[in-house]
2 protein chains.
Amino acid sequence: MTIEMDKDITNAEWEVMRVVWAQTEVPSQVIIDVLTDKRGWKEPTIKTLIGRLVKKGALKTRKDGRKFLYSTDIKEDTLVNETLDQFFHNICSKDIGKTIGVLIDEAMLSHDDVALLKEKLIQKEAVAYDTVPCNCMKGQCQCHHHR
Amino acid sequence: MTIEMDKDITNAEWEVMRVVWAQTEVPSQVIIDVLTDKRGWKEPTIKTLIGRLVKKGALKTRKDGRKFLYSTDIKEDTLVNETLDQFFHNICSKDIGKTIGVLIDEAMLSHDDVALLKEKLIQKEAVAYDTVPCNCMKGQCQCHHHR
DNA sequence: AATTAAAGATTACACTTGTAAACGGAAGTG
DNA sequence: CACTTCCGTTTACAAGTGTAATCTTTAATT
């Protein structure tokens, strides 16, 4: 059972989603308050974004008197991971390791985070490759040059 | 000295960039061959993408008889990392660790990759936090709920 | 030199996205 | 009950994107 959504979440829409994720159900006024403050957007702008998210199935509504309460079935970490996975398709699979390396370099991590990641790496060792196979189309990465 | 570019690279344009990155200088014909094959795009489509990339300063041209050779000053890993950094702004800094964890889980890694990442984690330990501070605006993540 | 063919430039066009104003209906207030 | 206010809906509009046809220039060929 996957939550199917019509379309991708745009950058502006992502701001709205974050407000909804931070709560369980929010009235539009809360979203508007947070984002007029954070982004300086006008109220109608935020209303548009909310409307588009509802239309594309990313937000659910529940009537509460005269207004709506907004919520979502999409889990934040699920969407984050899907988005990242999609982006990683732009990279040669051989380079994923190094790319994650840069992320680690730049991240602020807690001791617990470090421990978690170390643990994952230990597990990963069991299934690690001698050489990660390149998944690129011929002509789209340099692996194909040196055999 | 940073390479400044007018605008972001779109998904479709990314495909073109990958072809250029795979070589040093490419004639349009090569880009067209690779992408008609990979994506089924028509020749004019790919020409449009090339043109837009030139216009936005992502591709350089050098005349070679009747045609151009295309190249770029933008380094692939630089752009990859910038793009990822930008995306990570959508996530609470407290969650970056776990997010990287999922990436590790899903990645195909070589033994060398695992060793590299382990090494980085060891270094990271020295600067790891007890608690990563939340960088979210109030109202955009749950950290603010529990104190 | 005239003809052809390749390659870049111009035009097209619908859809998306960022940003917002204006409208309309329902709920609350006097 | 009339008036105002709140909130969702409709309309707007320029710029960006995906996708592509057509035009134009210029080099190559006969």
Side-chain angles (χ1 to χ4, degrees), chain A residues 5-20 25-72 79 83 86-87 89-90, chain B residues 5-20 25-72 79 83 86-87 89-90:
Chain A
M5 209 196 340
D6 267 13
K7 288 294 305 168
D8 288 331
I9 303 296
T10 72
N11 285 320
E13 287 165 359
W14 203 283
E15 295 281 18
V16 175
M17 292 303 289
R18 290 189 68 181
V19 180
V20 178
E25 280 191 312
V26 252
S28 66
Q29 194 50 58
V30 170
I31 303 176
I32 289 167
D33 288 346
V34 172
L35 296 182
T36 49
D37 186 25
K38 176 176 183 188
R39 301 295 304 261
W41 289 335
K42 302 284 192 254
E43 178 175 325
T45 301
I46 299 161
K47 287 178 175 181
T48 299
L49 296 174
I50 294 173
R52 286 180 184 166
L53 285 167
V54 171
K55 186 178 328 172
K56 68 173 67 166
L59 291 183
K60 289 185 307 176
T61 56
R62 186 165 72 82
K63 198 131 212 166
D64 172 35
R66 70 197 143 205
K67 64 187 147 189
F68 285 124
L69 294 178
Y70 297 94
S71 60
T72 181
L79 190 63
T83 306
Q86 213 175 297
F87 177 70
H89 288 152
N90 290 332
Chain B
M5 209 199 338
D6 269 11
K7 287 296 305 170
D8 289 331
I9 304 295
T10 72
N11 285 322
E13 288 164 359
W14 203 282
E15 295 281 19
V16 175
M17 292 303 289
R18 290 189 67 181
V19 180
V20 178
E25 280 190 313
V26 252
S28 66
Q29 194 50 57
V30 171
I31 304 177
I32 289 167
D33 288 346
V34 172
L35 296 182
T36 48
D37 187 25
K38 176 177 182 187
R39 301 294 305 259
W41 290 335
K42 301 285 192 259
E43 177 175 323
T45 300
I46 300 162
K47 287 177 174 179
T48 299
L49 295 173
I50 294 173
R52 287 178 183 166
L53 285 167
V54 171
K55 185 178 328 170
K56 67 173 67 168
L59 290 183
K60 289 185 309 179
T61 56
R62 185 165 72 83
K63 197 131 212 165
D64 173 36
R66 71 198 142 202
K67 64 185 147 189
F68 285 123
L69 294 179
Y70 297 94
S71 60
T72 182
L79 191 63
T83 306
Q86 213 175 298
F87 176 72
H89 289 152
N90 290 332

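Just so it is clear: chains get the letters A, B, ... in the order the sequence lines come, proteins before strands, and each one is counted from 1.
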- Distance col, row Leu79(B):CG vs Asn90(A):CG, nearest 0.5 angstrom, shows 9.5 Å
- Query: Which value, rounded to the nearest 0.5 Å, describes the distance between Thr61(B) atom OG1 and Glu25(B) atom CD?
  - Reply: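 CD of Glu25(B) is found 10.0 Å from OG1 of Thr61(B).
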- Query: Got more than 12 heavy atoms from elsewhere within 6.0 Å of NZ, Lys38(B)?
  - Reply: yes
- What do the steps show when you test Arg52(B) against Glu13(B) for salt bridge (Lys or Arg N to Asp or Glu O under 4.0 Å), and what is the final call? CA-CA 8 Å; Arg52(B) 287 178 183 166; Glu13(B) 288 164 359; 5.3 Å; no
For [X] and [N], give me the distance from atom [atom1] to atom [atom2], rounded to whole Å.
X	N	atom1	atom2	value
Ile50(A)	dA20(C)	CD1	P	15 Å
Trp14(B)	dG16(D)	CH2	P	19 Å
Trp41(A)	dA21(C)	CH2	P	15 Å
Leu49(B)	dT19(D)	CG	C1'	8 Å
Leu53(A)	dG18(C)	CG	P	10 Å
Asp8(B)	dT17(C)	CG	P	14 Å
Asn11(B)	dG16(D)	CG	P	16 Å
Ile32(A)	dA21(C)	CD1	P	13 Å

- Step-by-step side-chain contact (heavy atoms from CB on, under 4.5 Å) determination, Arg62(A) to Phe68(A): CA-CA 5 Å; Arg62(A) 186 165 72 82; Phe68(A) 285 124; over 6 Å; no
- Given dG18(C), is OP1 or OP2 found less than 4.0 Å from the side-chain N or O atoms of Thr10(A)?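 Looking at the OP1 and OP2 atoms of dG18(C), one of them is under 4.0 Å from a side-chain N or O of Thr10(A).
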- Task: Return no unless some side-chain N or O of Gln29(B) is found under 4.0 Å from OP1 or OP2 of dA7(C).
- Result: yes
- Query: At under 4.0 Å between heavy atoms, what does Thr45(A) touch on the DNA or RNA strands: base, sugar-phosphate, or nothing?
  - Reply: base
- Query: Under 4.0 angstrom, heavy atoms only, what part of the nucleic acid is Glu43(B) near: base, sugar-phosphate, or nothing?
  - Reply: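 Touches nothing.
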Between [options], spot the one nearest the side chain of [X], thanks.
X	options	result
Ser28(A)	dG8(C), dC7(D), dG18(C)	dC7(D)
Lys42(A)	dA21(C), dG8(D), dG18(D)	dA21(C)
Lys47(A)	dT19(C), dT19(D), dG8(D)	dG8(D)

- N/O donor-acceptor pair, side chain Arg52(A) with base dG18(C), under 3.5 angstrom: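 Result: at least one qualifying N/O pair found.
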- Message: Run Leu59(B) and Met17(B) through side-chain contact (heavy atoms from CB on, under 4.5 Å) and show every step you take.
- Response: CA-CA 8 Å; Leu59(B) 290 183; Met17(B) 292 303 289; 3.7 Å; yes
- Shortest non-hydrogen contact from Pro27(A) toward Tyr70(A): C-CD1, 4.4 Å
- Message: Short of 4.0 Å, heavy atom to strand atom, which residues of residues 64-72 of chain A count as contacting DNA chain C?
- Response: Arg66(A)
